Amino acid sequence: MTGFTVALVLVVAAAGLLRWRRPAWYWLTFGVTLATLRVLVRYASVMDACGLTVPPSRWRLTLARITNRPVPVSRPPRILRFRPTRTGLVLRLGLRPGQDAFDLAAASDRLRHSFSMYGVTSREVRSGVVELRMTGYDVLKRVQMPAKVDTRPMRVPVALREDGSVHYRDYRAVPHALTLGATESGKSVYQRNLVAGLAPMDVALVGIDCKQGVELFPLARRFSALADNPDTAADLLDALVSRMEGVYQLIRAEQRITAAVPDAEIAADIWDLPVHVRPVPVVVLVDEVAELALFASKEEERRRDRIITALVRLAQLGRAAGIYLEICGQRFGSELGKGITMLRAQLTGRTAHRVNDETSANMAFGDISPDAVLAAIQIPAELRGIAIAGDSTGGWHRIRAPHTSLRQAVNICNRHADCTPHLPELAPFRPELTSSSESPVPLSKPAPVTA
């Protein structure tokens, strides 16, 4: 009996230590079993306490009365599927007549406390079927991306959601996106993950970094074009507009609108073209959009209007030509001038890290969801990398990208430098790669030598 007691104490101590230091390991070893038993045993009583049951139907009451049986109890939603995962549990529930998916969404916080889980989220799979995703620990505290992800062309896994699922940046589904974040909020890390995910793909990367290129120029070996000041950015955007017009001419020539061609083969964008003539898609990353919209003179104002007009044209027309925008900035508001709200209207994907003012959060999510605005302004400063991601459908998620250092991103870009396509329209903007043996440029004047 003493040996059994000692073994039990050691197991409990190991479980407590894992839960404190390695919550993911604790979940895979102990937590998933305990949580499964807890959910299955408490399911009926918890659903009844949360008001998620329906009274028995008339025919059941009549049958009980005829057969002289006890009155049937209220019924909770049916469990159609129960699946443990590496971060929690997934329950697929079949709703009873009279129930609504909003009932489960409104009761998610009560279910979280009742089942002793870290978080509970719900989504409607189809009519009458709702999926509950329960997380057993804080998956965003120490982000670990799964070993296997669903990678497809132009679909990049960039972050982890609070329900344990992977957050993808799918350019085919959401062509253009806006990413906001104050200084030291994790916006640069999110951008590095995006570039690192695009590096192995057959895609041209174009960067505009008006901070003299300190963010994007280290990744220059994988970029087909780069601009480090507003003047060069204006010329680069004009070249992209010219490329877009050329791609449309190619699509017109290859549309194959004849009576002998099935409707499914008629080309309307680059993805409908044959592979041997399909232009390479282009992803344009703008690191600080406010620097492109500021001006202090009439000449800079004309340049600013030229830049914003080109961005709006690319956002409105670039999707079919395979040109996708990734607009990033610390601040994004209507005070940046005319055309900014028009540009924002074309940016379907929205991601907001910690912002310093409510106006920026409203520009990101004001037209999507008031709850997302509230969640964005409540991100604490010490949790770098936490962000709110949403789209035009009104749905939003709390996400966090895994930490990727600049050195890691540079290594990935250098490893896939041979994937960098050469675009004739953007050849003047191809970054010049200098040797590391060259002497660095001094950042300050040397101190005078005293005798």
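In this text, all values refer to a predicted model and were calculated from it rather than measured experimentally.
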- [ ] Report the residues that fulfil side chain to side chain donor-acceptor pair (under 3.5 Å) with D109, sequence neighbours left out, ordered by chain and then residue number.
- [x] R112

So, taking the atom named [atom1] in [X] and the one named [atom2] in [Y], what distance separates them when rounded to the nearest 0.5 Å?
X: L285; Y: I208; atom1: CG; atom2: CD1; answer: 9.5 Å
X: L140; Y: D163; atom1: CG; atom2: CG; answer: 9.0 Å
X: R303; Y: E301; atom1: CZ; atom2: CD; answer: 11.0 Å
X: N229; Y: Q212; atom1: CG; atom2: CD; answer: 6.5 Å
X: L93; Y: L132; atom1: CG; atom2: CG; answer: 5.0 Å

Open item on the list: Can you pull out every salt bridge (Lys or Arg N to Asp or Glu O under 4.0 Å) where at least one residue sits in residues 341-352? Sequence neighbours excluded, please.
Closed with: R350-D367

[Y]/[X] salt bridge by N-O under 4.0 Å criterion:
X: D170; Y: R152; answer: no
X: R306; Y: D235; answer: yes
X: R313; Y: E245; answer: yes

- [ ] Look at the aromatic rings of Y190 and H353 and report parallel, tilted or perpendicular, splitting at 30° and 60°.
- [x] perpendicular

Open item on the list: Within the 3.5 Å criterion, strictly below it, is a donor on R415 or N411 matched to an acceptor on the partner's side chain?
Closed with: no

With [X] via side chain to side chain contact (heavy atoms under 4.5 Å, CB included) - residues at least two apart:
X: M342; answer: V312, Q316
X: C419; answer: R222, H416
X: A372; answer: F365, S369, I388, W396

- [ ] Please determine if R169 forms a cation-pi arrangement with Y171, meaning its NZ or CZ atom is less than 6.0 Å from the six-membered ring centre and no more than 45° off the ring axis.
- [x] yes

Could you go through residues 374-387 and list every donor-acceptor pair under 3.5 Å that involves a side-chain atom there, pairing it with any protein atom two or more places apart or in another chain?
from, atom 1, to, atom 2, distance (Å)
R384, NH1, E184, OE1, 3.1

TODO: Might you work through the side chain to side chain donor-acceptor pair (under 3.5 Å) test for R331 and S360, ending with a clear yes or no?
DONE: CA-CA 6 Å; R331 180 75 173 85; S360 294; 3.1 Å; yes

